[in-house]
Every structure is written in structure tokens, then in C-alpha cells.
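Here the structure comes first, spelled out in C-alpha cells, and everything after it is commentary.
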Amino acid sequence: MAIRDLLDGLWSDEDFEEWYPRDGKPGLSPAQLATVSVLQFLPELSDRQAAESVRNRIDFKYALGMELEDPGFHHSVLTDFRERLAGEGRADKLLNLALEKMRTAGLARNTVGSAPTTPTSSPRSET
């Protein structure tokens, strides 16, 4: 909820423009699908359980910026989204976008892959 409150989500639909064709019927929000994928990870929800949570849980709807009356989506949409996510380093790109947004807001430190730093000079002693 803090990420939604402070950042208005981790991604915007514009972050996914290259994944989807520009013609045809508008689909579901890819930013919301990415968020559902994160929300389903820790409690190890199946796609069916995650889609059910989107339909019935206020915390999921809030995190996704959905109206309470929103009917959600069919669980198979998550499989299709993951197939798109699997290509061309897209998962890494999304992770980096989210981490940068959290760092900018002060919610994460830049420590991934970094070794601990040591002082470059020793403290001066008073004599």
C-alpha cells in the first residue's frame, strides 16, 4: 500500500509500449498485470487464486488502483503476460524500473550487487 500511496504504483502502462501492438481492442493494463504478478509471488498464489484476489480483495484492488466494482480478469491473462515478460530481458528491465523508482522515493538503497564500502582515510587523532 505504501508503494501505491507514495509512487502511484511501480510501473505505468507506457513502460510496456514495446510489448503490445498499437492496433486492436485495448487490453488490460500491463502495469496492473505486473503488479498482480508481484502480489501473487510471496503468498505463492496460483493464477486462479491471484485473479480471484483481484476480484474480491480490497487490498489487491487498492494496490492496482481499481474501482471496488471492477470485475477483474480471467486467470489465463497472467500466463499470457508472463510469456511476454520472458522475452528479451524484459523482467530485468521491469525490476530495474521498479528499483529506480523506489530508490528515488527513498524506499530502497542502492546496495544490490555492491560490496560493503570501507572508509578511504582513517580518522584523525587529536594530539
Side-chain angles (χ1 to χ4, degrees):
M1 288 188 184
I3 289 173
R4 170 94 168 101
D5 290 342
L6 295 171
L7 306 176
D8 194 26
L10 292 174
W11 303 283
S12 68
D13 287 340
E14 291 78 27
D15 295 328
F16 302 85
E17 284 180 337
E18 62 193 45
W19 298 22
Y20 293 90
R22 299 195 193 307
D23 57 348
K25 178 182 156 189
L28 296 167
S29 163
Q32 287 180 331
L33 294 174
T35 303
V36 171
S37 297
V38 171
L39 293 173
Q40 86 178 103
F41 177 74
L42 287 177
E44 298 179 0
L45 299 177
S46 69
D47 288 350
R48 284 182 191 270
Q49 291 170 320
E52 184 72 19
S53 294
V54 170
R55 280 189 290 280
N56 297 317
R57 290 181 53 174
I58 292 174
D59 57 342
F60 270 60
K61 287 187 183 278
Y62 183 80
L64 298 169
M66 299 172 85
E67 297 293 326
L68 291 176
E69 301 81 28
D70 194 302
F73 51 81
H74 192 268
H75 65 88
S76 64
V77 173
L78 292 170
T79 301
D80 296 339
F81 178 77
R82 277 194 304 277
E83 286 175 7
R84 290 180 194 258
L85 182 62
E88 305 169 17
R90 291 174 174 170
D92 290 338
K93 179 183 174 188
L94 285 184
L95 177 61
N96 288 334
L97 285 169
L99 287 173
E100 185 56 37
K101 201 168 183 182
M102 289 188 298
R103 281 187 199 112
T104 300
L107 298 174
R109 289 181 277 162
N110 192 14
T111 59
V112 176
S114 301
T117 57
T118 55
T120 55
S121 61
S122 59
R124 294 184 191 179
S125 59
E126 303 273 334
T127 55

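Quick caveat, the model's predicted, so the values are computed rather than measured.
Screening residues 31-51 for ring-ring contact (aromatic ring centres under 6.0 Å, His included) gives no qualifying pairs among residues at least two apart or on separate chains. Applying the side chain to side chain donor-acceptor pair (under 3.5 Å) test to every pair with at least one member in residues 32-43, sequence neighbours left out, gives these pairs: Gln40-Asp47.
Looking at residues two or more places apart in sequence or on another chain, you find a side chain to side chain contact (heavy atoms under 4.5 Å, CB included) between Glu88 and Arg90. For Asn56, the side chain to side chain donor-acceptor pair (under 3.5 Å) partners are Glu52, not counting sequence neighbours. With sequence neighbours left out, the salt bridge (Lys or Arg N to Asp or Glu O under 4.0 Å) criterion links Arg48 to no other residue. Scored by the side chain to side chain contact (heavy atoms under 4.5 Å, CB included) test, Asp70 finds Lys61, Met66 as partners (sequence neighbours excluded). Not a single side chain to side chain contact (heavy atoms under 4.5 Å, CB included) links Glu44 to another residue, sequence neighbours left out. In this structure Phe73 satisfies the ring pair (Phe, Tyr, Trp, His ring centres under 6.0 Å) test with no other residue, sequence neighbours excluded. With sequence neighbours left out, Glu67 forms a side chain to side chain contact (heavy atoms under 4.5 Å, CB included) with Glu69. Partners of Asp80 according to the salt bridge (Lys or Arg N to Asp or Glu O under 4.0 Å) rule, which considers only residues two or more places apart in sequence or in another chain, do not exist here.
Of all heavy-atom pairs spanning His74 and Ser76, the tightest one is ND1-OG, 2.9 Å. Among all heavy-atom pairs drawn from Arg55 and Pro71, the shortest one is CG-O, 2.9 Å. When all heavy atoms are compared, the tightest approach of Ala31 to Ser12 is CB-C, 3.8 Å. The minimum heavy-atom distance linking Val36 with Ala50 is given by the pair CG1-CB, 4.1 Å.
Atoms CG and CG, from Leu39 and Asp59 in turn, are 8.0 Å apart once rounded to the nearest 0.5 Å.
Ring planes of Trp11 and Phe16: perpendicular class, angle over 60° (limits at 30 and 60°).
For the pair Ser53/Leu45, a side-chain contact is recorded, criterion being any heavy-atom separation below 4.5 Å from C-beta on.
Just one residue in the list Leu95, Leu99, Leu94 forms a side chain to side chain contact (heavy atoms under 4.5 Å, CB included) with Leu97, and that residue is Leu94.
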